[in-house]
Participant: 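The structure is given below, and queries will be raised subsequently.
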Amino acid sequence: MPRFPRRALARAFTRLTFFRCFFRVFRSFSRPRAMVLLQDVFDDLLVGDCITHASEGHKQRLMSFSVRSRHVKMPTARWDLNSMAPLQLEKAYDPKAVETRWSREWLARGYFHASPEQPGQPYCIVIPPPNVTGSLHVGHALNHSLQDILIRWRRMQGRNTLWLPGTDHAGIATQNVVEKQLMVEGLSRESLGRERFVERVWQWKATSGNTIVNQQKQLGESCDWDRLRFTMDEGLSKAVLEVFVRLYEDGLIYRGERLINWCPRCLTALSDIEVEHEDVKGKLYHIRYPLADDPNSSLIVATTRPETMLGDTAVAVHPDDPRYRHLIGKKVRLPLTTREIPIVGDSILVDLEFGTGAVKITPAHDFNDYEAGERHKLPRLAVLDHIALLDAAGMQRAAVESSVIEMLRGLPVSKARPKVETLLREQGVLEKTEDHKMAVGKCYRCKTVVEPYLSPQWFVDIKPLAEPAIKAVEDGRIRIIPEGWVNNYLGWMRDIKDWCISRQIWWGHQIPAWYCLICNSRQIITTDGRTTILQNAIPIVSKSAPTRCPVCHSQELIRDPDVLDTWFSSALWPFSTLGWPEQTQELKTYYPTSVLVTGLDILFFWVARMIMMGLKFMGDVPFKDVYIHALVRDAEGQKMSKSKGNVIDPLHVMDQFGTDALRFTLASMASPGRDIKLAEERIEGYRNFANKIWNAARFALMYLDGPRTALPPMQRTFPDRWILSRLAHTIRAVTVELESYRFDRAATVLYQFIWHEYCDWYLELIKPVLQTPEHPDGAITRHTLVETLETTMRLMHPFMPFITEEIWQTIPHQGDSIVVQKYPASDEGWSAPDAEQHFALLEQTVGLVRTGRALLNYPPGQQIPFHVGHDAPNRQNQLHELQRHLAHLSRGTADVSPPRDWPTARLLRLVTEGLSVGIIVAEDVDLKKAIDRLAKQLTETDKELHRISGKLKNAEFVSKAPPDVIVEHQERVQTLSRDRALLANSEQQLRAMLAT
RNA sequence: GGGCGGAUAGCUCAGUUGGAAGAGCGCUGCCCUUACAAGGCAGAGGUCACAGGUUCAAUCCCUGUUCCGCCUACCA
């Protein structure tokens, strides 16, 4: 390409771009500033091609500007025409600066600090404590946003509000994290020793523990941070001791050897609900057990875990099974061992229909077998050790053949199973294998396969605690919202099993039990450095360490090494955080708390246990409402997980779109009983909403100069009366929805009001008044503008705290901060049904004119003359009253007159529900669109007429339907028929025009 | 195996004491309109999963079916 044309082209393009750019900037600046810039610009242009002054980056920006500004979303920037660099954003809301400033300011002013002395009915929420070393994920963001909405709302309503924050110590999870760190350093918790290890965890807590708290503050959470609690704080630990000792003294805590869920990686017991079940493909092995007294006969058992057969201590058949009934009491020879085991009859364990009808019993490795073993007084032989490896000593005790022991010792289950399969096949006792679907339990923390493991543990006898907790929900002292979960809760509670509360880890509340080494010499065994305290050891349970044994007075005591399940301390959260066991003022004021907001996943882990403990130790429910919200999933409905890489980081989102946008998104999607599929586009949409609010406020500020006069609503202008009426309606709706925890509906109502009533219509309606200096209605309108905007900001504040504070501060207001203002209450004096009726007509008319304008391809800016008229005389009068607004909003000149008086030539008539609009058709207009539209409406009208008149012709309908429904149908037929006639007429005229 | 929930516009979801189907996003057309292009205006788009039943009338109530989630459970 020759050199010259290329440069000339570039120059021309640059100038074009430049002027566009300039035009925008000019508009956004004040006049004097713009004039200076104007001068600079022309200077630049005179000197030469402006692009020669720009860097490469600026050039690109300039080039893209002209293209993108039309089609592509981009931030609206102000441009400094001297440097060609973008200036600060101002036309658009910039959340970052605002959020940082206000979250700091609110804390500094102590607005969130609660005190029992404060007036007002108490309203208290305790936060579900997140893991102290964790970080904020989007589930927290949802959970906390909803709580903050409730708290800010109630605070503004004048309640004595306490939102109590805190974290829990997350025993297993936190210990795992620190152990991993140690591993990197080549250390282990054993090499460090208990004391130094625990110290290490505290250090880790000190460095990482503030992360989540700071993130919460960033979300704008209005917690009373002065009352931040941690489950291992001194006070809370005291509560744990108190509860443990009292439950023990009441006989509700016991120690015993049971089969428990054991994580062979975490090396600790887990409670039933800490085990996640997962379906896996497995095999069902059919194994032949020969009868001891008749080796030619045999019994075939089916199992999914053949390696555990080494620990079998019986075979069960159904006592009613004719196939095997006669064998009960006889013995079988257990393959691969030298043992013989009995055949027992058990109707609970055995299902006649399943497998072979004969079941092997391995009491040390299966929960059902354990119970069957109890029933038949069978020995328990464990063949797996604590890390789930085949245990040589155990196998010896189980009389496994020594060659087999040698082959299997020290192998994990996964490797031992095929070996056992081979051995059984070699011996000819493996009858067959078949594919089988089964569920395996996995550790909820590390996903390792959990083994049923026989060991001495501490348990809570849960039934006596569960009963009152069931009753509290049944009789409504606790409401669960949505109600659908009530049955879930009750079902689980009625079938609850004793709670294993001991964990074989070091991080947590160590169990306050000691053992006398003298009295328990036979019960305390140390092998390979592992001390085992057998189930018959007698504990001394005490809040403080005993100095000597109360029986033998020995001073040789050791403390139980186990710690308590983290949920044991979390269960006390609603009262331990308020000072219990001390009878503090806080406890008296704020207990029971008002509501607990949580996800379904911890209904049993936590909520149920809080209810039980609250009732037991406080004699009252811990909260009146339990609001259960949805789980947050990704846009495809997948559960978010780090491994899938589909995690939405709330902090990233907040950074990108603003905290208010995220909060509003989550609130608007919190529909009951449905999971939230979160997509970034939604958040972006609400970012736009925030910007809309911002600009509405900018608009108001532009026109607030001048006097403002307060008048009673009745004496204000039509737009004012209408918006006040709508605002009153919105206030009522938001309040009602919040009272029933319908955050989604409250959010929708607010969105609808602010965008589609306040911005789309009200601000447009009052523009002529505001933009006319010395307008007679100016002072009243300005007053209403401020009044409604200020009220709306308060109404909105719990949902979008930052932007509402920022705006509220800039508009006329009274008070220091919106945080502590009164929440709007619905004012009946604001309701104006007549104004709303007028508005409906206005909206319908303007809509019709705009449709006509679009049909005739008149550009939005072009002023057009049009006629409006209505069948009903009172409506016709209303149109007269609205004439000014009609003209303004339709951008034209409005002639209000009966349609029969309108010109018949060159007029597009649109009709709906008795309302007619006529628009002058210019000479060169393409009428096709308009005709199509009329034809379509005619078809639809005919269809509807046919349908309704059909109903009216139906004798049964007329005789049985309520009279008002019939009248309504008749009226509709009349209106539609009239519309139809006018439409047909209009279409004809247009077609005639087309023909000429 | 048991229980619960869901199926409504291209997508995400509201809604209905049973009596003319709604929003947001996306899409199409016009428009840089003195708050906002992160915008305005106007549109297109739905057999309310399927099959029966109750009713003058069903997207809504009842029954069954299919599909999808979740919870729960010891079928070895």
Side-chain angles (χ1 to χ4, degrees), chain A residues 20 23-24 27-28 68-76 91-93 277 284 301-305 316 348-351 353-356 358-362 366-369 371 436 438-439 482 484-485 487-488 491-492 495 600-601 603-604 631 635 637 657 668-669 671 673-679 681-682 684-703 744-745 748 751-752 756 759-760 763-764 767 771 847 850-855 857-861 891 929 933 944 947-948 951 954-962 964-966 968-969 972:
Chain A
R20 292 196 147 166
F23 177 66
R24 301 180 56 79
R27 273 202 345 229
S28 68
R68 293 168 69 198
S69 65
R70 292 180 70 87
H71 310 291
V72 184
K73 293 163 195 161
M74 64 172 290
T76 317
K91 270 163 63 165
Y93 174 56
H277 293 273
L284 194 59
V301 300
T303 179
T304 53
R305 305 189 58 192
I348 299 172
L349 185 67
V350 182
D351 176 355
E353 309 292 316
F354 188 85
T356 60
V359 188
K360 65 194 220 35
I361 301 182
T362 324
D366 183 282
F367 289 102
N368 297 310
D369 293 5
E371 281 170 25
H436 184 66
M438 56 187 202
W485 300 119
N487 282 335
N488 214 321
W492 189 76
D495 194 33
L600 180 69
D601 45 344
L603 181 64
F604 306 134
L631 232 63
F657 299 116
S668 72
M669 297 182 82
S671 303
R674 205 187 260 268
D675 281 347
I676 296 179
K677 289 186 199 168
L678 189 63
E681 296 84 74
R682 290 299 290 256
E684 191 185 357
Y686 289 115
R687 185 272 313 263
N688 296 352
F689 179 46
N691 193 48
K692 188 76 181 175
I693 301 171
W694 181 251
N695 276 289
R698 282 183 70 226
F699 169 82
L701 283 169
M702 281 176 68
Y703 292 107
D744 57 330
R745 290 205 220 177
T748 308
Y751 185 97
Q752 192 64 25
H756 297 304
C759 293
D760 285 354
L763 296 185
E764 294 303 327
K767 271 182 184 171
Q771 289 167 355
R850 284 171 176 170
T851 302
R853 175 192 284 279
L855 290 173
N857 290 322
Y858 292 136
R891 287 180 185 278
K929 265 203 282 183
R933 143 90 192 210
E944 186 69 0
R947 199 179 68 82
I948 301 173
K951 272 174 99 173
N954 183 341
E956 289 218 88
F957 173 73
V958 180
S959 62
K960 288 182 181 166
D964 53 322
V965 172
I966 295 170
E968 192 200 317
H969 276 63
R972 270 172 57 206

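Order of the sequence lines fixes the chain letters, A, B, ..., with proteins taken first and strands second; residue numbering starts at 1 for each chain. Heavy atoms only: backbone and side chains are in, while hydrogens, waters and symmetry mates are out.
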Participant: Measure from the side chain of A/N688, starting at C-beta and using heavy atoms only, and say which of B/rA38, B/rC31, B/rU12 lies closest.
Facilitator: B/rA38
Participant: Take atom CH2 of A/W694 and atom C1' of B/rG39, then tell me their distance rounded to the nearest Å.
Facilitator: 17 Å
Participant: Hey, mind stepping through A/N695 and A/K91 against side-chain hydrogen bond (donor to acceptor under 3.5 Å, both in side chains) and telling me if it holds?
Facilitator: CA-CA 7 Å; A/N695 276 289; A/K91 270 163 63 165; over 6 Å; no
Participant: Are A/K677 and A/R682 packed together at the side-chain level, in the sense that at least one heavy-atom pair is separated by less than 4.5 angstrom?
Facilitator: no
Participant: On a whole-Å scale, what distance lies between the P atoms belonging to B/rA58 and B/rG5?
Facilitator: 25 Å
Participant: Which pair of non-hydrogen atoms, one from A/K929 and one from A/N857, has the smallest distance, and what is that distance?
Facilitator: NZ-OD1, 2.9 Å
Participant: May I have the distance from A/E684 (atom CD) to B/rU12 (atom P), rounded to whole angstrom?
Facilitator: 18 Å
Participant: Testing the basics here: between A/L631 and A/D675, what is the closest heavy-atom pair and its distance to 0.1 Å?
Facilitator: N-OD1, 3.2 Å
Participant: For A/N857 and for A/R891, find the nucleotide of RNA chain B with the closest heavy atom, then tell me which residue's nucleotide is more 5'.
Facilitator: A/N857
Participant: With the sugar-phosphate defined as primed atoms, P, OP1 and OP2, and the base as all remaining atoms, what B/S/- string results for nucleotides 68-76 of chain B, 5' to 3', for protein heavy atoms under 4.0 Å?
Facilitator: --SS--BBB
Participant: Which heavy atom in A/H969 sits nearest to a heavy atom in A/K951, and how many Å separate them?
Facilitator: NE2-NZ, 3.2 Å
Participant: Within the structure provided, determine whether A/L349 and A/E371 are in side-chain contact (heavy-atom separation under 4.5 Å).
Facilitator: no
Participant: Say we look at B/rC48 and B/rC60: how far apart would their C1' atoms be, to the nearest angstrom?
Facilitator: 10 Å
Participant: What is the separation between atom CZ on A/R687 and atom C1' on B/rG24, rounded to the nearest whole Å?
Facilitator: 15 Å
Participant: Each nucleotide in nucleotides 18-23 of chain B should get exactly one letter: B, S or -. Can you fill that in based on protein heavy atoms under 4.0 Å?
Facilitator: -BB---
Participant: For atom C1', what is the distance between B/rU59 and B/rU17, given to the nearest Å?
Facilitator: 16 Å
Participant: Toss me the dot-bracket line for RNA chain B: Watson-Crick and G-U wobble, both under 3.5 Å, 5' to 3', using | for pairs to another strand and [ ] for crossers.
Facilitator: (((((((..((((.....[..)))).(((((.......))))).....(((((..]....))))))))))))....
Participant: Using atom P in both nucleotides, what's the gap between B/rG52 and B/rG45 to the nearest angstrom?
Facilitator: 28 Å
Participant: On the nucleotide B/rU34, are OP1 or OP2 found under 4.0 Å from the side-chain N or O atoms that A/K767 carries?
Facilitator: no
Participant: Below 4.5 Å, heavy atoms only, C-beta onward: do A/V965 and A/F957 meet side chain to side chain?
Facilitator: yes
Participant: Measure the distance from CZ on A/F699 to P on B/rG39 and round it to the nearest whole Å.
Facilitator: 18 Å
Participant: Does A/R850 get its side chain close enough to the base of B/rA42, under 3.5 Å, for a donor-acceptor pair?
Facilitator: no
Participant: Can you name the residues that form a side chain to side chain donor-acceptor pair (under 3.5 Å) with A/S668, not counting sequence neighbours?
Facilitator: A/Y686
Participant: Search all heavy atoms of A/D760 against all heavy atoms of A/H756 and return the closest pair with its distance.
Facilitator: OD2-ND1, 2.8 Å
Participant: Could you give the distance separating B/rC70 and B/rG18 at their C1' atoms, to the nearest angstrom?
Facilitator: 30 Å
Participant: Give me the distance, rounded to whole Å, that separates B/rA21 from B/rG46 when you measure between the C1' atoms they each carry.
Facilitator: 8 Å
Participant: Using a 3.5 Å distance criterion without hydrogens, assess whether the side chain of A/R853 forms a donor-acceptor pair with backbone atoms of A/R891.
Facilitator: yes
Participant: Figure out the NZ/P separation between A/K692 and B/rA38, and round it to whole Å.
Facilitator: 12 Å
Participant: Taking side chain to side chain donor-acceptor pair (under 3.5 Å) as the definition, give me every residue that meets it alongside A/E764, ordered by chain and number, with sequence neighbours left out.
Facilitator: A/K767
Participant: For B/rG26 versus B/rG19, give the span between their C1' atoms, rounded off to a whole number of Å.
Facilitator: 33 Å
Participant: Could you measure between the two P atoms, the one in B/rG40 and the one in B/rU33, and give it in whole Å?
Facilitator: 14 Å
Participant: Roughly how many Å is it from NZ in A/K677 to P in B/rA14, rounded to a whole number?
Facilitator: 11 Å
Participant: Starting at atom CZ of A/F689, determine the distance to atom C1' of B/rA35, rounded to an integer number of angstrom.
Facilitator: 15 Å
Participant: Does a nitrogen or oxygen in the side chain of A/Q771 sit under 4.0 Å from OP1 or OP2 of B/rU33?
Facilitator: no
Participant: Starting at CG of A/N487 and ending at C1' of B/rC4, how long is that distance when rounded to a whole Å?
Facilitator: 9 Å
Participant: Write down the atom of A/A961, the atom of A/I966, and the distance for their closest heavy-atom approach.
Facilitator: O-CD1, 3.5 Å
Participant: Residues two or more places apart in sequence or in another chain: which of them pass side chain to side chain donor-acceptor pair (under 3.5 Å) with A/N487?
Facilitator: none
Participant: Is any side-chain nitrogen or oxygen of A/K91 closer than 4.0 Å to OP1 or OP2 of B/rG39?
Facilitator: no
Participant: Does A/D744 reach a base, just sugar-phosphate, or nothing at all? Heavy atoms under 4.0 Å.
Facilitator: nothing
Participant: Within less than 4.0 Å of OP1 or OP2 of B/rA35, is there a side-chain N or O belonging to A/Y703?
Facilitator: yes
